Amino acid sequence: MDSRLKENDAVLFIDRKGRRYLKMIRPGKKILIRGEMRAEDLIGVEEGSRVKLSTGEKFLVLRPTYADLIPHLPRSSQVIYPKDTGPLLIWGDVFPGATVIEGGTGAGALTIALLRAGGKEGRVISYELREDFADAARKNVAAFFGDAPNWTIKVRDLYHGFDETGVDRMFMDIAEPGRALDMASDALRPGGVLVCYVPTAIQLKDTVEAIQSRSDFGEVESFETLLRHWQVKGLSVRPHFRMIAHSAFIIVSRRLVPIAAPSPINPAEPVEVVGDSPDHDDSDVVLPGDSAPDDDPV
């Protein structure tokens, strides 16, 4: 990516009041805000330039960052906010080349972040129950990320299980993650990271308790993120009156090697109980304050 805009780029038009309008450079189409201009007239224009629409109003043009893009992403469901995406990727420890399962795609906001973090050598497999959500995610990934040959989306109920095994990381943005722990355990490799994203305190409690009840998951951590912007204008340096507070809880855990259940004692086999026999010689038992037997090194 260079500094000059090109065909099919997403572009933010920012007016003098800081209002933002997300547009696409589609040759043969017009950019319509307050006034108009031909989309092809933007091709070759450097980011950070100011362009004039037909009404004479000027707009600053920039390619959107991820944080710019997500609030403007076309969607029919709630997206994961950028303030949560960063912690999800960091606590989820997504690395270049990782194989990642995403449970629930929504509009594809987290999908784009996972594809960027995993890089060309990584692999993302998304499971989505609703075809309309899957279709919206396909369109958004194609429009705002581009070609993604290392992404697979499967329209099916993840509660029926995953096809993959040995997966490095898993993210679940679904109503009842606790119900999917058997499937998650089968798919994740030992040491893999499971991240659940739930909006309510009841879901937080149910999910954490479900994870804690198992021996094949551990190192559970739960938190939320709050984001507060500040206004800096001359002597007016203060927090904005409005902030993005609670959006959802993030629950992180690790896939462990399960603890084997202890073997049951065979009642037919004699069990020696030391100290209960009247013939037991406890003369060598050293109690607090006693001296050790003479023939034992101290």
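If you're wondering where the values come from, they're calculated on a predicted model, not measured in any experiment. Reckoned from all heavy atoms, side chains included, excluding hydrogens, waters and symmetry mates. Numbering starts at 1 and runs along the sequence shown.
Residues satisfying the side chain to side chain contact (heavy atoms under 4.5 Å, CB included) criterion with Ser3, sequence neighbours excluded, are Glu46. Among residues two or more places apart in sequence or in another chain, the salt bridge (charged side-chain N to carboxylate O under 4.0 Å, His left out) test is passed with Asp186 by none. By the salt bridge (charged side-chain N to carboxylate O under 4.0 Å, His left out) test, Glu209 pairs with Lys205, sequence neighbours left out. For Glu224, there are no salt bridge (charged side-chain N to carboxylate O under 4.0 Å, His left out) partners two or more places apart in sequence or in a different chain. For Arg255, the salt bridge (charged side-chain N to carboxylate O under 4.0 Å, His left out) criterion is met by no residue, not counting sequence neighbours.
Looking only at distances, a side-chain donor or acceptor of Glu47 sits under 3.5 Å from a matching main-chain atom of Arg63. Between the side chain of Asn140 and the backbone N or O of Ala107, at least one donor-acceptor pair lies under 3.5 Å. With hydrogens and angles disregarded, a donor-acceptor distance shorter than 3.5 Å links the side chain of Lys83 to the backbone of Thr225. In this structure, the side chain of His246 engages the main chain of Pro199 through a donor-acceptor pair within 3.5 Å. Side chain of Thr105 to backbone of Gly108: no donor-acceptor contact under 3.5 angstrom is found. The main-chain N or O of Gly44 is found under 3.5 Å from a side-chain atom of Arg4 such that the two form a donor-acceptor pair. For the pair Arg228 (side chain) and Met243 (backbone), a donor-acceptor distance under 3.5 Å is absent. A donor-acceptor pair under 3.5 Å is formed between the side chain of Asp9 and the backbone N or O of Lys6. Within the 3.5 Å criterion, the main-chain N or O of Tyr81 finds a donor-acceptor partner in the side chain of Thr85.
When each of Ile101, Val124, Leu88 is checked for a side chain to side chain contact (heavy atoms under 4.5 Å, CB included) with Leu114, only Val124 meets the rule.
Considering only heavy atoms from C-beta on, Phe13 stays 4.5 Å or farther from Leu60 through its side chain. Between Val195 and Trp91 there is no side-chain heavy-atom pair separated by less than 4.5 Å. Annotation: side chain of Asp168 is not in contact with side chain of Asp93 (no heavy-atom distance under 4.5 Å).
Looking at Arg214 and Asp182, a side-chain N of the basic residue comes within less than 4.0 Å of a carboxylate O on the acidic one, giving a salt bridge.
No more than 12 heavy atoms of other residues, nucleotides or ligands sit less than 6.0 Å from atom CD1 of Ile202. The number of heavy-atom neighbours closer than 6.0 Å to CD1 of Ile90, taken from other residues, nucleotides and ligands shown, is 12 or below.
Pairing each heavy atom of Pro87 with each of Phe223, the nearest pair is CB-CE1, 4.0 Å. Residue Gly103 comes nearest to Leu158 through the heavy atom pair CA-CD2, 3.6 Å, listed as atom of the first residue, atom of the second, then distance. Taking both residues in full, the closest heavy atoms of Met172 and Leu194 are given as CE-CD1, 3.7 Å, listed atom of the first, atom of the second, then distance. Closest approach of Leu115 to Ala148, counting heavy atoms only: CD1-CB, 4.0 Å. The shortest heavy-atom contact between Val155 and Leu129 is CG1-O, 3.7 Å.
Residue Tyr127 holds its OH atom at 11.5 Å from CD1 of Ile153, rounded to the nearest 0.5 Å.
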Given Phe145 and Trp151, is the ring-ring contact (aromatic ring centres under 6.0 Å, His included) satisfied, shown in steps? CA-CA 11 Å; Phe145 177 81; Trp151 177 48; 8.8 Å; no
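A side chain to side chain donor-acceptor pair (under 3.5 Å) check over residues 108-123, counting only residues at least two apart or in different chains, returns the pairs Glu102-Thr111.
Under a hydrophobic clustering in which Ile, Leu, Val, Met, Phe, Trp and Tyr are joined whenever their side-chain heavy atoms come within less than 4.5 Å, directly or via other members, Phe171 and Leu188 fall into different clusters. Under the 4.5 Å side-chain contact rule for hydrophobic residues, Ile70 and Leu22 share a cluster.
Cation-pi contact between Arg130 and Phe133: present, with separation from the ring centre below 6.0 Å and deviation from the ring axis of at most 45°.
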